Protein chains: 2
Amino acid sequence: MTSLVLPPEPHGRRERRVQELLFDIKDAALDQLAEGGDGLSYRAIAARLGVSRATLRYHFPSRDALIEALVADGVTTLARALRSSLDRTRSAPSERRWRAVAHAYRDWALRHRRHYRLLAGARADPVLAVFAELAGDDAALTVHAGLHAAVVREMDARPDTERFDAEVLDLVRLVDGYTA
Amino acid sequence: MTSLVLPPEPHGRRERRVQELLFDIKDAALDQLAEGGDGLSYRAIAARLGVSRATLRYHFPSRDALIEALVADGVTTLARALRSSLDRTRSAPSERRWRAVAHAYRDWALRHRRHYRLLAGARADPVLAVFAELAGDDAALTVHAGLHAAVVREMDARPDTERFDAEVLDLVRLVDGYTA
DNA sequence: GTCTATAACACGATAGAC
DNA sequence: GTCTATCGTGTTATAGAC
């Protein structure tokens, strides 16, 4: 399972090769990110793929542009995971839906730690949209902040599902207080 | 008003000069941070202060070490501001204390925006300690997440004291539910 | 212990020639 | 698209002055 957005079916072969290259570049970037160290070396990515730095630069004009693309992909796939768990529990009681979405969030974050860390501080509107559906527009940001805090703690420590669930319960009580 | 930790009274003149230098370095770093741009240039700080890069490196071995020091100072001064407002309202009713602390938090964040942003994600134990005093150990993290969410929203939008107070009230109700 | 000078390295960014 | 040269940056290291 990847944390990248799969490209849509392309029209011609040329376009397809370009889409594949974009995917490969981002994939290599994530790989390098996952391998450790803090960095994300533009040069190393180019070398790994066997393309020139200039080629890389043609598609991603700067290192920040590459990271931006990774962030956008991350937000999209995270939001998809959340929405999927929301859809699957369409007819379930509210608490179950909350639990499902919260765990989807946590699972994605823990499964793609470095990618998730990249998302911190970024505008995550698609993600907020899912929370807004569950808790209302005003509470979406609070929910996000709360989940983020809970997940970040588990990144450094050992995951503790019981504790996580308790925190989610607190969060639900808070935002229920909003709408009630 | 600065957002840096003022050095304690030093013993000799030598030690005093060092403390002043450390202060000046961090002050210059914050200045450069405040001036805009994304960066925080190690070289530029040295140039601005008229000290050699090697000197800077002697006290702060890496750029990250400097940032780390800024974060530590930020957490400390933020916590001091919170504790101060807590102490000043020692004999006041609970709601007033909450309001004082929440506003102290918000004021510091809005007054030192870039410095505050630096603190996001960092371990802020001294800050949590104040919240724990107000709301109990278990609720401290939730309070922090809630206040953070409220403040971050105001960073991009216009500050709205009425709305902020309403959010704090929600937060208080939540954590009162804990202890009651 | 504090500070300076200097060199060397890897990296990201940019511009121009082909 | 590609290559090359050049720049500014963070970082490491060494040697020495006060």
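Reminder, nothing fancy here: chain letters follow the sequence lines and each chain counts from 1. Quantities reported herein were computed from a predicted structural model and do not represent experimental measurements.
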Spacing of B/Leu118 atom CG and B/Leu33 atom CG [to the nearest 0.5 Å]: 6.0 Å
Distance col, row B/Asp24:CG vs B/Arg17:CZ, nearest 0.5 angstrom, shows 10.0 Å
How many Å lie between [atom1] on [X] and [atom2] on [N], as a whole number?
| X | N | atom1 | atom2 | value |
| --- | --- | --- | --- | --- |
| B/Leu66 | D/dT9 | CG | P | 16 Å |
| B/Arg17 | C/dC3 | CZ | P | 6 Å |
| B/Leu56 | D/dT12 | CG | C1' | 15 Å |
| B/Tyr58 | D/dA17 | OH | C1' | 14 Å |

Taking every non-hydrogen atom, the tightest pair across A/Leu171 and A/Thr142: CD1-O, 4.3 Å
Against the side chain of A/Ala54, the closest entry in D/dC3, C/dG1, C/dA5 is D/dC3
How would you list all residue pairs meeting salt bridge (charged side-chain N to carboxylate O under 4.0 Å, His left out) that involve residues 86-104 of chain B, not counting sequence neighbours? B/Arg99-B/Asp165
Compute both the distance and the angle, then confirm whether A/Arg53 meets the cation-pi test with A/Tyr42: under 6.0 Å from the six-membered ring centre, within 45 degrees of the axis. no
Validation row, ring centre A/His148 to ring centre A/Tyr105 under 6.0 Å: no
I'd like to compare against my own output: the B/S/- annotation of nucleotides 7-13 of chain C with a strict under-4.0 Å heavy-atom distance to protein. ----BBB
